[in-house]
Protein chains: 2
Amino acid sequence: MPIEEKKIPVTIQDVAQLANVSPSTVSKVMNDAPHISSSTRERVRAAASKLNFRPNAIARSLKVKRTATLGLITNDLEGVFTMPMMRGVEEAASNQGFSVFMCNSYGEAAREKNHLEVLLDKQVDGLILMSGYKVRERGAPAMSVGTLPLVYLYQYTRDLAVPCVIPDDQGGGYLGTAHLIGLNRRRVGFINGPTDFEQTHQRLEGYRQALSEAGIPFDPTFIKVGRWEESSGYALAHELMSLPQPPDAIFCASDSLAAGALDALHQLGLRVPEDVALLGYDNRPFSAFQRPPLSTIALPLYEMGRLAGELLLKAIAAGTTQAGVHKVPCYMVKRQSC
Amino acid sequence: MPIEEKKIPVTIQDVAQLANVSPSTVSKVMNDAPHISSSTRERVRAAASKLNFRPNAIARSLKVKRTATLGLITNDLEGVFTMPMMRGVEEAASNQGFSVFMCNSYGEAAREKNHLEVLLDKQVDGLILMSGYKVRERGAPAMSVGTLPLVYLYQYTRDLAVPCVIPDDQGGGYLGTAHLIGLNRRRVGFINGPTDFEQTHQRLEGYRQALSEAGIPFDPTFIKVGRWEESSGYALAHELMSLPQPPDAIFCASDSLAAGALDALHQLGLRVPEDVALLGYDNRPFSAFQRPPLSTIALPLYEMGRLAGELLLKAIAAGTTQAGVHKVPCYMVKRQSC
DNA sequence: GTGAAAGCGCTAACAT
DNA sequence: ATGTTAGCGCTTTCAC
């Protein structure tokens, strides 16, 4: 029967004693401070590793008033865009020895406030407020965070002092449309989402820009707007294809819209991409499982998360916040629908 | 030009001073300790809220040696099953005022060790080690965590002392098969994943159990095994349907297998579910986007995460760990493929 | 180059 | 019922 391991943690005192130095010297060694003779440095290192010493970060934080900890509050932990952004944030943070608290507000102000309280109590060094589904404008945090560095991710705000990281949707609209045109499609239809999403305007603007650069006149009858749903894509693709001169390509502002459009095209006996090329937006995982697998404009989610993390870390280190809206370029995922 | 807010935080001292009591009294009030006259209690409360006082959790933790913080390390932050489990953990934790550190090891031992070091340094009260993709057996943590409470999520281990939370795959296999039989299908084919996954045996065992309960003899020619890929599902469904007496239902051990099988069925001109009923497993998001939308056996991911969190919290509170393998029942998601 | 001393903000005996 | 005291484990002047 082994003796009950009482697991009494080893402190800086224990190391000091074993190395025959003062605790403050140990501290200096552990923090690579200058003006330590290499002999004591070695002695201390040896003692520390012999005792398996690891400094208590809580005690350290109390003294230095930094915790190397970030708070990440999302309004939707299962949002379709949440994970790659979280991975980016986590990676940026852990690269610099920071940890991140993950919180889910379910989009409720009360929960957000609650999480903010706890995070502030726990003395996080900075905060990311993220949206998991659609880019939206939002207001201030549910409670004052004082001067704590803050960045909005996949959200934006009127408050010019807080940095926002969002995708470049105009660029994405341009990219997709230009690609379709490059495929020799001159009649490209555009199925958009609801106009109360800023991003739909951006994407459409990119579309117009690509058209104009190619010298193709803008034809309003080619523009359809619906809800972010398959059924909308389905109905609107039918409308588009029953035009006297139907399009030879359809660019949908979301993959779900494109999935619906694909159904419609199949039903009409049209071949994709031969008869009409189809392009989605968002790079939702299901788009790879469509028949044919859907080409799409991808949101740079990982990169956005990473950038948000890096901006925050920089703000923490510098004490100066890199305000403004940061737009990250979308990129194209070529599959077989165009 | 407003004065530079120096944001000097208010401490328990400040409250004590304002309320004309000692710091320890303030502490007692803040922690709802007994033996405090209601008059001072009120006075202190008033002072605290007037100063907007919030106790510094770091200082508190240093003293009480608890941080109300959990560490969650996943091997895959973008694993297809990660998010609902994370949500469950987060919810269980925040319900009890705990926060959770989210870490991504990418399945690399070195990264896991690194995260463990940081988490231990930061004095987390407990740890969850989670797998984001397939249930797998795994060994001990990448470094010793001493007596820190630990639970494995969507993973299991031979170490009988650590609690594991996994889905009840045998129950899921039974549930799906029984459902198909209830639909009057007597000839149900089974397309399984690789035999080196424990879960494939479990699911098959459930299948056999349901058959036997219904008095249907087990027919080995109805069992096919492939990889976890659409192409396997496609090929194996073809094999199944070219049997002299082909099945009238196919149960696939994953949704990707089922997506492939669906392709095959379409190609053969068979109607789903009229000619052959099709059932998937896992409830992957894309399954709702199949044609017809795929019925499937869902993994109880949220519940598993929640249970893991609760087990851990209980272990922390009680100092006693609830060892053993905890199997959470799968449930059926009925859509239109059967 | 090294150590003594003070203290970060809080809690918990122990007195009173 | 309230206050005094002594730390928790570390860092950081400031002496020497």
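Basis for what follows: all heavy atoms, side chains included, without hydrogens, waters or symmetry-related copies. The chains referred to below are lettered A, B, ... by the order of the sequence lines, with proteins before strands, and numbering in each begins at 1. What you are looking at is a predicted structure, and each value in this text was computed from that prediction instead of being measured.
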Inset, instruction - Check step by step if side chain to side chain contact (heavy atoms under 4.5 Å, CB included) holds for A/Leu72 and A/Phe101. - result: CA-CA 6 Å; A/Leu72 172 62; A/Phe101 280 126; over 6 Å; no
Inset, instruction - For A/Ser24, answer base if it contacts any base atom (sugar-phosphate contacts may also be present), sugar-phosphate if it contacts only those atoms, and nothing otherwise; contact means non-hydrogen atoms under 4.0 Å. - result: base
Inset, instruction - For DNA chain D, determine which residues of residues 37-65 of chain B have any heavy atom closer than 4.0 angstrom to one of its atoms, and list them numerically. - result: B/Ser37, B/Thr40, B/Leu62, B/Lys63, B/Lys65
Legend entry - d(CG, B/Asn31; C1', C/dA12) in whole Å: 11 Å
Legend entry - Separation of atom CD1 in A/Ile12 from atom P in C/dG3, rounded to whole Å: 12 Å
Assess, by modelled atom type and distance only, whether the side chains of [X] and [Y] contain a donor and an acceptor separated by less than 3.5 Å.
X	Y	value
B/Asn75	B/Arg111	no
B/Thr25	B/Ser22	yes
B/Lys122	A/Ser99	yes
A/Ser37	A/Thr40	yes

Roughly how far apart are [X] [atom1] and [Y] [atom2], rounded to 0.5 Å?
X	Y	atom1	atom2	answer
A/Asn56	B/Leu120	CG	CG	11.0 Å
B/Leu70	B/Ile316	CG	CD1	5.0 Å
B/Glu90	B/Met102	CD	CE	11.0 Å
B/Arg41	B/Arg43	CZ	CZ	12.0 Å
A/Leu62	A/Gln123	CG	CD	9.0 Å

Inset, instruction - Look at B/Ser27 and C/dT11 and indicate whether a side-chain polar atom (N or O) is within less than 4.0 Å of OP1 or OP2. - result: yes
Legend entry - Presence of A/Thr25 side-chain N/O under 4.0 Å of C/dG3 phosphate oxygens OP1/OP2: yes
Inset, instruction - Using heavy atoms to find the nearest nucleotide of DNA chain D for B/Pro23 and A/Arg66 separately, return the residue whose nucleotide is more 5′. - result: B/Pro23
Inset, instruction - Under 4.0 Å from any heavy atom of chain B: name the first and the last nucleotide of DNA chain D that qualifies, 5' to 3'. - result: D/dA1 to D/dG9
For nucleotides 14-16 of chain C, give me every protein contact, N/O to N/O, under 3.5 Å, one pair per line with atom names.
none

Inset, instruction - Evaluate salt bridge (Lys or Arg N to Asp or Glu O under 4.0 Å) for A/Lys314 paired with A/Glu310, printing each intermediate quantity in order. - result: CA-CA 6 Å; A/Lys314 209 171 297 178; A/Glu310 284 165 356; over 6 Å; no
Legend entry - Rounded to 10 degrees, the angle between the two terminal axes of the helix from C/dG1-D/dC16 to C/dT16-D/dA1, each from five pairs: 40°
Legend entry - Within residues 69-81 of chain B or reaching into it, pairs that qualify as salt bridge (Lys or Arg N to Asp or Glu O under 4.0 Å) - sequence neighbours excluded: A/Arg87-B/Glu78
Inset, instruction - Scan for side chain to side chain donor-acceptor pair (under 3.5 Å) pairs involving residues 151-162 of chain A, sequence neighbours excluded, and state none if there are none. - result: A/Glu137-A/Arg158
